[in-house]
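Just below is one structure, and these are the notes that go with it.
In what follows, every chain begins at residue 1, and chains take the letters A, B, ... in the order their sequences are listed.
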Amino acid sequence: MIKKSALLLATVMFFSILLAGCGGSDKAASPAPAAGGKKLIIYTSMKESLISGIVEGFKKKHPGIEVDYQSAGAGKLMAKIAAERQSGKILADIIWTSEVPDFYSMRKEGILEQYKTPLINELVNPFTDYDGHFTAARLGTLGIAINTDKIKTPPAQWSDLLKPEYKGAFAIADPALSGTAYMSVALLEKQFGWEFFEKLRANGARIGKGSGQVIDDTASGELAASLAVDYITNDKIAKGAHMALYYPPELLLAPSPVAIFKGSPNLDAAKKFVDYLLSKEAQTLIAAEGTLSVRNDVKTPEKFKMPEPADALKRSIKIDYVQMMASKEATIKKFTEIMQGKK
Amino acid sequence: MSTSTQKMITPAGNTLAPKSSFGVAQIMLFLSIAILVIVVAVPVLLIFFNAFWVNGEFNLRDVVKIILEPETYKALINSLIIASGTTLGSTIVGTFFAWLVTRTDLPYKTFMKSMFLVPFMLPSFIGALAWKMLLSPHSGFINKFFINHFGFTGPLFDIYSYWGIILVEVMYLFPFVFIQVCGALERMDPTLEESARISGAGLFTITRKITIPLVLPSILSGALLIMLYSMAHFGTVAVLGIENGIFNIPTLIYQRIHQSGGSFDSIRTGTVLATVLVVSAALIIWLQRKILSKGNYQIIGGKSFRPMELKLRTLRIPLFIFCLVYIGFTIVLPTVVIFLVGGLKTYGLPFTWENLSLKNYKFILFDYKVTKDAIWNSITLGLGAALITMFAGGMISYVIVKMKVRGKGILEFLGMLPFSVPGSVIALGVILAWGGKYGINLYNTIWIILVAYIARYMAFSLKANSAALEQVHDSLVEAARSCGASMWQTLKDIVLPLVRPGMLAAFFLIFLPSLRELTVSIMLYAPTTRTIGVAIYTLNEDGETVVSAALAGIALILIIVGDTLINRFTKKAGA
Amino acid sequence: MEIIRIEGIAKSYGNHQVHQNLTLSIERGECFTLLGPSGCGKTVLLRLIAGFETPDAGRITIANTVVTDPAAGIHIPPDQRGLGVVFQDYAVWPHMTVFENVAYPLKIAKRPENELKNRVMEIVEMVGMKGLERRLPSELSGGQQQRVALARALIANSSLLLLDEPLSNLDANLREEMRFEIKELQRKLNVTVLYVTHDQEIALAISDRLAIMDQEGKVRQIGNPWEIFERPADPFVFNFMGIANFVPVRRAGEAYLVGNGEQIIPWEPPKGDAPKWIAGFRPSDVQIAPQGAGLRGTVKRASFLGAMMDYLIEVDGAHLRTSIETHEAVARGLMFKEGENCVISFRDLLWFNADSLAEVVKQ
Amino acid sequence: MSHIRLVNVTKKFGEVTAVNALSLEIGKGECFSMLGPSGCGKTTTLRMVAGFEDLSDGEIYVGDRLLSSPERNYYLPPEKRNFGMVFQAFAIWPHLSVYENVAFPLRIRKLPAAEIEKRTNDALRSTNLLQVAADSPANLSGGGKQRVALARALAINPDVMLLDEPLSSLDPHLREEMRFEIKDLQRKYGFSIIYVTHDQAEAMALSDRILVMKSGVVQQIDTPLNVYTNPANKFVFSFIGLSNFLDIVCTDGKAFVRGSNAPLPENLTPPEDKRGKKALSLASRPSEIDFVSENTSGALRGVVNRKAFLGEIIDYQIKIGEQEIRVQKGRRAPGPEPGEACSVRMLRPFWYAGEE
């Protein structure tokens with residue numbers, strides 16, 4: 001009896017493993033046909049709530065094209081791309097993240113396909129050196145998210161963060177982990193200099209983890225306020241979090257460029273996706289998530305109380321992305337040193 | 001049989017038979033060495049190699065430089081502080097509870113004993129997540145409760161601290177000591193204590209002078225196991241430490257690799273850190289051997305009377321309540337919090353009916369690609385690693401335990417290697433070995449995680465299989481040979497059926513922990529290859545607290561169901 | 001006709017030389033015992049014959065076929081030697097029933113189902129296990145497991161049976177019973193048995209011939225039980241075969257005096273003119289009396305052991321033991337108390353060279 | 001003079017009565033053995049004396065001092081009883097040296113250092129352990145460990161020594177040696193011994209008196225010789241030494257060996273009080289049977305089934321009727337060969353009630 005049941009179990013396990021093995025190879029194989037030109041693969045750092053709707057919309061519009069996407073932090077995606085390049089084949093066709101300097105370096109390394117979208121004239125373009133290698137598909141903004149239970153007077157200026165209300169309760173995501181956080185640190189430094197961070201530090205500000213986590217910590221009351229990405233914050237507010245997002249006059253704008261990899265076997269489909277992404281339909285979806293569209297003809301829903309895209313661009317702190325790319329490590333190091341009080 | 005006797009008489013028999021059995025032994029030995037070399041030895045050696053050789057030259061100066069960097073040096077110190085604190089705490093807690101459930105008249109002892117084993121199943125990083133929700137300084141439920149209701153101006157306890165990390169690790173690691181000490185106390189010859197009593201010693205004197213010194217080797221071996229584990233542990237420190245700038249070696253390696261974007265420099269820093277970790281681990285193991293060899297007492301034997309029970313008298317009920325409270329705090333409370341937070345619309349909302357739903361759970365299981373993939377990945381990885389390791393480990397153990405072939409010594413050494421290599425080191429080694437530098441690039445695929453799991457869990461399989469094989473006395477095999485069975489027939493008819501329970505044990509010993517694995521996977525995952533552990537961790541890092549809590553809840557259910565099924569099954573098989 | 005011939009076998013493990021130039025032969029149809037203290041290499045020899053070990057040098061021939069000869073590169077594996085082996089720990093496969101265990105050799109030999117079944121039932125009945133065929137070994141006693149092992153070794157009709165201390169894990173009563181059964185089966189089936197043991201009582205009871213081996217693996221004596229017990233080749237054999245008294249005797253002119261006293265030993269003197277001798281005798285070969293002719297001594301210790309009375313007697317500094325059946329002692333008034341004087345004489349006595357004793361004492 | 005006194009001692013484990021109303025007195029300096037098959041209650045009795053088990057009923061005294069009495073709700077814990085005890089598995093503390101093991105009971109008693117040293121060394125000297133005093137007991141042989149256990153028990157100079165199968169873990173040679181040593185120590189120190197064993201030869205060699213026990217009930221308390229030569233019942237007869245039992249059937253006033261139709265010889269008839277019984281058991285010891293000529297009075301006819309040369313002894317199996325008995329003779333005694341018919345005479349037959 002015992003022997004039988006042991007045998008049975010062993011058999012069951014054996015077959016389950018066979019199945020699992022097949023399943024596993026299916027998965028491993030799934031990107032392969034894409035490389036052969038069947039499935040369009042998108043690597044993006046956009047959160048599920050943003051990307052899934054857009055992909056669904058694209059599928060509806062182009063039923064013949066199969067699309068799959070992988071959503072992860074920009075750093076993780078870049079590491080994967082680096083590894084894929086080593087093995088000689090980038091599995092993705094399209095990349096869409098918020099880490100602008102990455103696009104500059106990829107352009108420099110020549111792995112991006114040049115595609116000047118016909119829609120370019122309808123768009124708000126933050127890149128003065130636009131040449132079609134990448135196109136901004138969203139204008140991310142960062143503001144001050146506050147926990148409305150803890151902070152009663154909305155912040156109007158960046159310098160409000162130095163008030164006692166925020167003492168020991170404000171955080172910026174770790175720029176080593178989050179691309180947007182790095183962007184904001186660089187922008188704020190450009191505008192206000194390191195002494196702004198030194199003052200923040202003096203008021204007990206600290207480094208959080210990921211850009212999402214500081215927002216969740218603000219929602220939970222662990223933080224009174226944080227430097228927050230628009231659509232993540234707005235998503236939580238929509239779900240009932242006791243938060244509000246405010247923009248000081250000097251706006252932190254982090255464009256999210258989209259690009260096609262050189263040698264993509266799905267070039268046609270990739271171009272169609274880029275165009276779809278920039279279309280009014282997709283941009284409306286983007287705006288509905290609580291972030292800024294790149295189209296002037298798309299209005300962000302009123303409830304988010306966000307600036308117009310063109311206006312936002314005008315208000316934003318300007319920076320030289322190429323130079324920013326070069327000084328990334330030094331900036332992060334300096335920031336960390338200041339915020340951890342090592343200096 | 002007469003045919004075989006005839007065959008023996010004919011000279012043909014002599015030339016044919018001996019060659020074939022010789023070949024089998026050699027093939028198995030070769031395969032075993034090959035597996036261990038490829039899976040374990042090469043990755044580990046590559047770490048050393050890459051740490052000390054730069055551009056083909058031996059370079060110690062860079063190594064020293066890296067180690068002397070404040071961050072590295074601090075991480076090493078942190079690793080030591082956390083590991084020591086955890087070891088000390090767990091040893092005290094584990095020994096105390098083991099003593100309580102084996103040597104006293106505590107009520108419901110067997111139930112208590114099984115409850116104290118529960119934390120063994122719970123992944124400590126999920127525990128850390130739960131405790132973060134309970135004790136983060138401003139929003140932790142317990143801290144908030146005290147601030148709101150008792151007029152506390154600050155938090156009762158700040159979990160983002162050394163104390164917090166150590167506390168959480170103690171809660172989930174103490175069973176290592178508990179199990180060892182319980183076992184030793186249960187097996188201990190009760191007349192060792194009785195003879196002390198008749199010598200005139202009271203019960204407390206006996207506990208102090210006889211019982212504790214005698215189980216000291218077990219206590220130590222459990223303690224060092226914890227030390228080893230804690231030194232190389234990623235999850236708890238990642239969840240609770242990074243916030244406050246507390247890094248240990250694994251989290252620092254993770255951060256470096258994460259930031260590398262594929263650049264080799266940071267991997268190299270990683271290799272130096274990993275070397276430090278391996279050296280510390282080797283030191284700990286050496287220490288353990290040294291201490292154990294000195295005090296490995298034979299304390300089993302004699303007629304088994306019921307061991308004497310210390311009457312707790314007035315302390316009986318208070319200690320019972322204390323145990324219940326401990327269990328409530330370490331097991332029930334965190335689990336409940338995980339499930340409740342997993343049901344929230346968004347983190348930070350109070351637990352009211354309108355805020356709670358099963359939507360997140362549904363989302364994770366049916367809609368969310370990341371988590372769906374993660375669950376599927378973990379299950380297939382677990383099954384794959386368990387199955388491969390079960391068979392490979394079975395074969396290797398057979399060669400080590402049973403076969404008399406030349407070259408076995410190497411195998412024994414290689415077989416010991418996986419026991420001493422921490423998970424994050426294996427991960428790094430696997431990146432070096434399979435990252436494309438040597439022709440095969442598995443980086444960013446699921447296969448690299450599989451390879452790493454196999455390397456990491458080989459030790460478990462070797463242990464379980466060897467234990468099973470030790471039980472198969474040589475004479476059982478020889479009896480079959482003398483009955484006319486060839487070596488293959490003997491393996492098939494006698495050895496395999498007898499070690500099947502051991503192989504099954506190995507399978508589950510690997511399958512279950514790999515379901516919740518984090519330390520290795522976090523270093524190796526790619527966007528497409530998240531495991532459950534990685535998904536929980538990254539979702540939490542991304543601020544998807546409620547989703548990550550819900551996934552953690554589902555992981556807990558998976559683990560508990562799996563464990564229960566296995567206990568059922570093994571009990572049935574054992575009966 | 002010999003069935004096993006062992007010629008010049010050498011075997012060592014590391015630095016430990018177990019056998020050196022060992023030569024031995026075993027006749028067809030006999031029950032031959034290798035008897036020696038633990039560690040004497042008797043089990044190693046059995047394993048060499050069975051093929052579980054290979055010798056460093058020498059040759060083993062079974063039924064005129066050379067089965068192992070390292071010089072010629074011959075090593076026939078155990079499964080091709082056609083032997084039955086019974087192990088000390090039974091080695092009954094725990095996952096198989098009694099029937100499956102016993103049937104295994106025939107299954108390996110691919111015998112037809114029908115023949116297999118009949119043969120198994122026959123042999124199971126022969127060893128007294130009828131009705132237990134469906135049991136698992138865990139449901140059997142030690143003695144029953146040993147019977148299964150025996151049946152398994154017998155079923156293939158091999159003409160040679162190797163038994164490695166098969167009874168040492170059984171309790172005393174069972175051991176006694178089983179040794180007779182083995183002997184009877186051997187006679188009935190007319191097989192050759194090579195029996196390895198350290199228990200001299202079993203060896204005497206079961207063997208046609210036995211070889212006594214010493215710690216170094218050397219064969220001290222080969223002979224039938226009577227020869228071994230009554231005509232030991234040396235003190236080692238004498239000592240090994242039962243409780244032995246060794247009393248120092250010194251020559252003083254023509255007289256041979258016991259211990260350090262002046263009493264003349266009442267036995268015919270040794271042949272030879274060495275000044276020092278050892279008188280060896282069994283406790284039962286000593287006659288004790290309250291007075292009369294013989295050596296005068298004192299009872300140092302009187303132990304009542306049930307059927308026997310055991311006395312330790314001192315004669316002029318030499319100590320010796322005697323035993324006498326209790327009923328005889330009671331009937332003849334020989335119940336001595338400690339401290340009483342007595343007189344002893346001998347029924348039998350062997351003379352040993354005083355030097356040859358040294359090694360026995362060492363042990 | 002009685003030293004240890006057990007009055008009506010009873011021990012129950014749940015429904016099972018392990019020891020039933022046991023009363024006995026042991027004299028000062030006496031060596032008293034409790035003998036019986038495993039599970040007969042002998043160890044439980046010893047453990048009650050030691051204080052490891054509570055009594056269900058009855059009282060235990062040493063001299064005038066009460067040790068245990070459930071009735072009076074009195075129980076002196078083992079550590080206060082001042083006994084020496086030696087356990088089967090030695091129970092030597094492996095983490096302490098030989099010296100420290102022996103000194104332990106003295107240290108517990110907080111004696112002055114000089115006193116501890118003297119008494120420890122005395123005990124070590126008596127047990128021939130002085131030269132290994134500093135060693136770890138792990139390096140000692142079984143006999144050495146048992147000596148340490150003895151020395152430890154001796155160190156406090158106890159009045160009473162409790163020995164729980166102290167020799168059964170040793171090999172036969174050592175067992176014999178150690179039992180003489182125990183006896184010597186007793187002579188030297190003059191303590192009383194309560195000795196628990198299932199080995200009858202050991203009990204007989206060592207004891208002044210033996211208690212034979214079965215299922216918690218005393219069968220006989222007597223000197224070793226009396227227990228052997230005048231066993232109180234069939235159980236005692238069978239438990240002490242080798243024994244033969246022949247089933248005897250009585251019909252029409254005549255007695256037959258079961259399976260034989262020849263009535264028993266005249267000189268071998270059941271005693272008066274047993275003649276009415278239908279089934280009897282004729283008991284004899286293998287060493288107390290002689291081969292005699294056919295017409296000897298009281299001889300039984302049989303056939304030699306088997307003859308085994310065991311060295312000192314030749315062991316015969318004789319078939320009488322359908323039953324077998326064993327006969328053991330010295331190796332010099334003449335005897336029949338297998339297959340021969342023979343006549344045997346029992347020197348001291350015993351009659352017991354048989355199973356009908």
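Heavy atoms of other residues, nucleotides or ligands lying less than 6.0 angstrom from NZ of D:Lys307 number more than 12. Heavy atoms from other residues, nucleotides or ligands lying under 6.0 Å from NE2 of D:His198 number 12 at most.
Each of C:Arg321, C:Met241, C:Lys183, C:Arg179 has some count of heavy-atom pairs under 4.5 Å with chain D, and the biggest count is that of C:Arg321. Counting heavy-atom pairs closer than 4.5 Å to chain D, the top-ranked of the candidates C:Ala302, C:Pro225, C:Gly242, C:Ala331 is C:Pro225. Per-residue heavy-atom pair counts under 4.5 Å with chain C were compared for D:Gly330, D:Gly311, D:Gly241, and the maximum is reached by D:Gly311.
Contacts between C:Ser323 and chain D at a heavy-atom distance below 4.5 Å are absent for every atom of the residue. For C:Gln200, no part sits under 4.5 Å from any heavy atom of chain D, backbone or side chain. Both the backbone and the side chain of D:Leu225 come within contact range of chain C, with heavy atoms under 4.5 Å apart.
Side-chain contact between C:Arg282 and D:Arg331 is present, with heavy atoms from C-beta onward closer than 4.5 Å. Annotation: side chain of C:Asp285 is in contact with side chain of D:Arg332 (closest heavy-atom distance under 4.5 Å).
Summarising the geometry, atom CG belonging to C:Leu204 is positioned 11.0 Å from atom CD belonging to D:Glu312; distances are rounded to the nearest 0.5 Å. Note: C:Glu201 CD to D:Leu310 CG = 4.5 Å, rounded to the nearest 0.5 Å. For the atom pair D:Ile313 CD1 and C:Met308 CE, the distance stands at 5.0 Å (nearest 0.5 Å). Atom CZ of C:Arg301 is separated from atom CG of D:Asp184 by 8.0 Å, given to the nearest 0.5 angstrom. A distance of 15.5 Å separates CZ of D:Phe309 from CD1 of C:Ile206, quoted to the nearest 0.5 Å. Annotation: the span from D:Glu202 atom CD to C:Ser303 atom OG amounts to 12.0 Å, rounded to 0.5 Å.
Both tests pass for D:Arg306 against the ring of C:Phe180: distance under 6.0 Å to the centre and angle within 45° of the axis.
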Residue pair C:Glu325, D:Ser287: steps toward the side chain to side chain donor-acceptor pair (under 3.5 Å) verdict: CA-CA 7 Å; C:Glu325 282 178 20; D:Ser287 63; 5.0 Å; no
